Protein chains: 2
Amino acid sequence: MIKLAYAILDRPKIELPLKKITVKKGDILQRKGDINTKAYIVESGLLRSYTIDDKGKEHIYMFGPENWLVADICETNTPCQLYIDVIEDAVLEVASKEELMERGPDIDALLRRLNTMQARIIMLMSSNAIDRYEHFIQTYPNIIQRVPLKMIASYLGITPEALSRVRNELSHRK
Amino acid sequence: MIKLAYAILDRPKIELPLKKITVKKGDILQRKGDINTKAYIVESGLLRSYTIDDKGKEHIYMFGPENWLVADICETNTPCQLYIDVIEDAVLEVASKEELMERGPDIDALLRRLNTMQARIIMLMSSNAIDRYEHFIQTYPNIIQRVPLKMIASYLGITPEALSRVRNELSHRK
DNA sequence: CCTATGCCTTGATGTACATCAAGAAAAAAA
DNA sequence: TTTTTTTCTTGATGTACATCAAGGCATAGG
């Protein structure tokens with residue numbers, strides 16, 4: 001009977017039609033503190049999620065290119081932690097988190113994301129600026145052409161100046 | 001019919017009996033590079049998972065106190081990233097990840113973990129040593145008495161010396 | 001019990017990266 | 001186009017934390 005549940009889970013998901021919206025560069029989809037925020041599936045374009053710390057500095061948490069699910073992981077009715085805005089004009093599917101759950105949670109996607117985050121945490125704890133940058137260009141080779149370097153710096157947890165010097169250093173090495 | 005699958009998911013899980021083992025302080029349960037590693041549910045005691053970087057330095061990824069699920073998130077047949085060992089004598093339930101999945105994936109637990117990791121990433125990117133420590137003692141008040149400070153330093157991504165000075169500073173501030 | 005090992009602290013020094021400031025180049029706006 | 005705004009770079013300086021070294025306390029093992 002366990003097997004039964006598993007088999008049902010494993011069936012191709014039935015895709016409910018979700019609301020589709022078009023957004024423009026610069027639009028803000030979610031602010032820190034909003035409640036009952038939506039989840040966005042990126043069909044085309046590019047999103048980013050980020051925080052702003054007490055000193056007013058932005059820290060990019062994640063980029064959301066095509067096919068990514070961008071959402072703040074927080075419980076119903078509790079304020080969210082992240083801002084989400086639009087870096088490149090985008091077409092999005094919008095869903096409440098409940099709708100997504102009803103579609104059937106995508107366990108593989110969740111596990112993949114956990115894996116990504118695990119790798120990021122390990123990187124943040126153990127790598128210097130150069131290694132972080134090299135790791136980034138390997139992991140997201142297609143993002144790098146699409147966003148200003150200062151956003152990549154923000155994602156890596158360093159300043160734009162430091163990133164500039166890292167790139168300089170790397171290009172001079174042979 | 002979506003509803004059907006959802007209802008089944010939502011039923012109280014049928015708990016298969018899992019293998020139970022007793023392990024002692026210092027035992028190593030998993031090494032970086034192992035494949036098809038197990039998942040451990042901590043019934044009592046305390047585990048930790050960590051990496052060792054190229055300079056031989058340990059970075060604690062996560063503590064595993066009572067009721068935690070400790071596992072490396074990696075795909076079947078690919079080498080894992082983390083070491084797992086025993087900090088306090090422990091009783092564990094051991095399961096292959098497949099067994100866990102058959103029990104029915106615990107979505108809530110997955111989401112909670114994602115949330116924890118999100119908070120950790122944000123913290124690592126934006127906080128200094130003092131804030132990290134204060135965040136830690138708020139989030140894990142019961143862990144702090146149970147592990148040597150150098151492990152907490154390792155979890156926070158700072159050196160034991162730096163942690164010592166942080167604590168000093170905090171106790172002198174009134 | 002004594003000895004050894006690990007843990008925590010403190011000081012001196014080093015370093016990676018941040019901050020501040022300014023200018024050139026590129027992109028966006030007008 | 002010209003103007004304005006952003007982006008990127010480079011240099012000078014500052015700082016948070018790392019590293020290295022040593023000593024005092026515990027705790028554990030023989």
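What you see is a predicted model; the values in this text were computed from it and never measured. Letters A, B, ... mirror the listed sequences (proteins, then strands); counts begin at 1.
- Regarding B:E58, its CD atom lies at a distance of 17 Å from the C1' atom of D:dA18, rounded to whole Å.
- Atom NZ of B:K150 and atom C1' of C:dT10 are 18 Å apart (whole Å).
- Looking at A:R146 and A:E66, a side-chain N of the basic residue comes within less than 4.0 Å of a carboxylate O on the acidic one, giving a salt bridge.
- The CG atom of A:D131 sits 14 Å away from the C1' atom of C:dC17 (whole-angstrom rounding).
- In this structure, the CZ atom of A:R146 is 17 Å from the P atom of D:dT7, given to the nearest Å.
- Under 3.5 Å, the side chain of A:E161 and the base of D:dC8 form no donor-acceptor pair of N or O atoms.
- A:T159 has a side-chain polar atom (N or O) that falls below the 4.0 Å cut-off from OP1 or OP2 of C:dA18.
- Judged by closest nucleotide on DNA chain D, A:L149 is the one of B:I158 and A:L149 placed further toward the 5' end.
- In this structure, A:K25 does not pair ionically with A:D89, as no charged nitrogen and carboxylate oxygen lie closer than 4.0 Å.
- Residue A:A162 places its side chain closer to C:dA18 than to any other of C:dA18, D:dT19, D:dT9.
- A:W68 and A:Y140 have tilted rings, their planes meeting at an angle from 30° to 60° on a 0 to 90° scale.
- B:G157 comes within contact range of the sugar-phosphate backbone alone, with a heavy-atom separation under 4.0 Å but no base atom that close.
- Nucleic acid contact for B:K55: none, since no nucleic acid atom lies under 4.0 Å from a heavy atom of the residue.
- As a whole-Å value, the separation of A:E169 CD from C:dC17 P is 10 Å.
- Atom CG in A:L170 sits roughly 12 Å away from atom P in D:dT9 (whole-Å rounding).
- A salt bridge is absent between B:E93 and B:K19: the closest approach of a Lys/Arg side-chain nitrogen to an acidic carboxylate oxygen does not fall below 4.0 angstrom.
- The side chain of B:S164 lies closest to C:dT9 when the candidates are C:dT9, D:dC17, D:dT7.
- Between A:R165 and A:V147, the residue anchored nearer the 5' end of DNA chain D, judged by the nucleotide with its closest heavy atom, is A:V147.
- Taking 4.0 angstrom as the limit, B:N168 places none of its side-chain polar atoms (N or O) nearer than this to OP1 or OP2 of C:dT9.
- One can place NE2 of B:H59 at 12 Å from C1' of D:dA18, the figure rounded to the nearest angstrom.
- Relative to the side chain of A:K57, the nucleotides C:dA18, C:dC17, D:dT7 differ in distance, and C:dA18 lies closest.
- One can place CG of B:N128 at 11 Å from P of D:dA18, the figure rounded to the nearest angstrom.
- Heavy atoms from other residues, nucleotides or ligands lying under 6.0 Å from NZ of A:K150 number 12 at most.
- As judged by a 4.0 angstrom heavy-atom cut-off over every strand, B:K25 is placed among residues making no nucleic acid contact.
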